[in-house]
Number of protein chains: 2
Amino acid sequence: MINLSYATFQTEFNALVADEWSCLFDLNHEKLNLKNRNTATKKFQTIIESVFILSNSKGFQAMTMRDLSQQSGVSMGGLYKYFSNKTQIAAMIHGALVHMAEICLNNTETRDQDPIFELNELLARHIYLSERLKKWFYFVFMESKCLDKQLKEKIMASEQYMEATLLNRINAANDQGLSQCSNPDFVAAMLKVMLQEWYLKPWKYQQKNISADQYVANLLFSAYQLLGVKS
Amino acid sequence: MINLSYATFQTEFNALVADEWSCLFDLNHEKLNLKNRNTATKKFQTIIESVFILSNSKGFQAMTMRDLSQQSGVSMGGLYKYFSNKTQIAAMIHGALVHMAEICLNNTETRDQDPIFELNELLARHIYLSERLKKWFYFVFMESKCLDKQLKEKIMASEQYMEATLLNRINAANDQGLSQCSNPDFVAAMLKVMLQEWYLKPWKYQQKNISADQYVANLLFSAYQLLGVKS
DNA sequence: CAAAAACGAATGAATGTTCGCTTTTTTTGT
DNA sequence: ACAAAAAAAGCGAACATTCATTCGTTTTTG
């Protein structure tokens, strides 16, 4: 039915955005006057991974710069070569994630096909993206409060766009007689929540040894039931 | 099918725990040496409601005691009559919510009935409880990081108990031939997420003018589909 | 008039950020 | 090919600010 697995998605991802750390470099090196791409990319990785560890355990606001310095092994002064202040760390992470998500999710050359197929594709692609960038998605969900209004609105808008797209596909399927869904708005909202579950409770599925591919299979099966897809 | 509405739940709630502020008083007045129940209950309300407002907009960690003093209209020194330190505010809120949830959700005298009916009852009851204590549930979900391990484990345990109960009812329905659900674990997890959606994105349903009762109706309908309940 | 509740300036600890300095890397001139 | 010089990256103690918390006093309540 759908020929996309996490493995194939990953090669696609690598081709489109290379990796998250160089993306971070590309978006910020100018303002920060960072010259050497190679060393800066590595430093971004160690710093941001430390941010994820600390904000995961105590929250971004509770993380101090001393914590971050110790966890990353980079000195106080050294850190400030990679961001201009603490709140900008969160802004950089959010900005880079929005950038990467736009690249990966708008990459659906498959337009005007079977709406059910497109829905499957969208759901699968989102799970795979949030699997690849699990820490990033979790951070953005939990710490979106410490953003300025502009970025916050950009996040909200991209979320609503996602839900609207889901709803659009459901309605199209209904119109074409492929499904009979009596509450499309509710189902679209539920599908979105089922996508979020994957990155909000990663420990749960690690514990049960459930892979992204298995989760997608279950998700698509449930989507068929909620949509009332005719077999 | 199920004779429980938000209105009837509320009278039941009022009978069981009176209201959240006096619950807060009952659980904490001894350690804090609060004598006058009436004034203390009112103060708890103004203080904790202010905590919810501030932590909603900037997060609990970012909220300062000066913020809280200004928002609530209670002086710096006055605040400390109602908790011994900042982290204890979060602990008190969590403790009271767990207490209230235990009272309300274990109040299912209807045991060993039709498992489908019991599932309906549990789902509906949880939505109604989280509707009544929306702010509380949201706070606990977002700010559980600033708790000591003991309380955090208590929260985790009660969450897992909820999911286990859902799973249990699904399996029972399958065994009795009332449903045919091929992935009970996944469906239990999804139902739990659908419960969380109600208090994590309250603005969404306020905007669309969807009441708790309407949400429950949609939720139960979807549950039937996911379970494959035979009509 | 006691006892309880409320006040808010004062205190000390902790936090984000800076800056003069050292080390490492890159570029340049021969 | 190599050293000298310039540029970039890294360091951490010092600074000003902000925060949670306290305590002597005043106000309110029963």
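A, B, ... follow the sequence lines: proteins, then strands. Residue 1 opens every chain.
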(message) By nearest atom, which of the nucleotides D:dG10, D:dA20, C:dT17 is closest to the A:N85 side chain?
(response) C:dT17

(message) Please compare A:Q61 and B:L79 by the position of their nearest nucleotide in DNA chain C and report the one closer to 5'.
(response) B:L79

(message) Any N or O donor-acceptor pair under 3.5 Å from the base of C:dA14 to the side chain of A:R66?
(response) no

(message) Once you measure the plane-to-plane angle for B:F52 and B:W136, does it fall in the parallel (<30°), tilted (30-60°) or perpendicular (>60°) bin?
(response) perpendicular

(message) So if I take every side-chain heavy atom of A:N36 and compare against D:dA9, C:dC7, D:dG30, which nucleotide ends up nearest?
(response) D:dA9

(message) Among C:dG16, C:dA5, D:dC11, which nucleotide has an atom closest to any side-chain atom of B:K81?
(response) C:dA5

(message) In this structure, how many angstroms lie between the P atom of C:dC7 and the CD atom of B:Q70, rounded?
(response) 14 Å

(message) From C-beta outward on B:Y80, which listed nucleotide comes closest to its side chain: D:dG10, D:dA20, D:dA9?
(response) D:dA20

(message) If I take atom NZ in residue B:K42 and atom P in nucleotide D:dT28, what distance separates them, rounded to the nearest angstrom?
(response) 16 Å

(message) Can you classify the ring geometry of B:F25 versus B:F44 as parallel (below 30°), tilted (30 to 60°) or perpendicular (above 60°)?
(response) perpendicular

(message) Measure CZ/B:F83 against P/C:dA6 and give the value in whole Å, please.
(response) 12 Å

(request) Round to a whole Å and report the spacing from CG of A:N38 to C1' of C:dT24. (result) 15 Å

(request) State which of C:dA4, D:dT21, C:dG16 makes the closest approach to the side chain of B:K86. (result) D:dT21

(message) How many whole angstroms separate atom CZ of B:F44 from atom P of C:dA6?
(response) 11 Å

(request) Could you please name the option among C:dT17, D:dC19, D:dG12 that lies closest to any side-chain atom of B:T64? (result) D:dC19

(request) May I ask you to check whether B:N168 and B:T165 show a side-chain donor-acceptor distance below 3.5 Å? (result) no

(message) Nearest whole Å is fine: how far is C:dT25 P from A:L34 CG?
(response) 16 Å

(request) Find which nucleotide of DNA chain C each of A:M63 and A:T39 is nearest to by heavy atoms, and output the residue with the more 5' nucleotide. (result) A:M63

(request) Return the orientation label for the A:Y205 and A:Y215 ring planes: parallel under 30°, perpendicular over 60°, tilted otherwise. (result) perpendicular

(message) So that I can tick it off, tell me whether B:E159 and A:K201 are bridged by a salt bridge, with the cut-off set at under 4.0 angstrom between side-chain N and carboxylate O.
(response) no

(request) Send over the distance from B:L54 CG to D:dA20 P, rounded to a whole Å. (result) 11 Å

(request) Would you mind reading off the distance between A:L32 atom CG and D:dA9 atom C1', rounded to a whole angstrom? (result) 13 Å

(message) Quick check for you: among C:dA9, D:dA9, C:dT18, whose closest atom lies nearest to any side-chain atom of B:M76?
(response) C:dA9

(request) Would you please confirm or rule out a distance under 4.0 Å between OP1 or OP2 of D:dG30 and any side-chain N or O of B:K35? (result) no

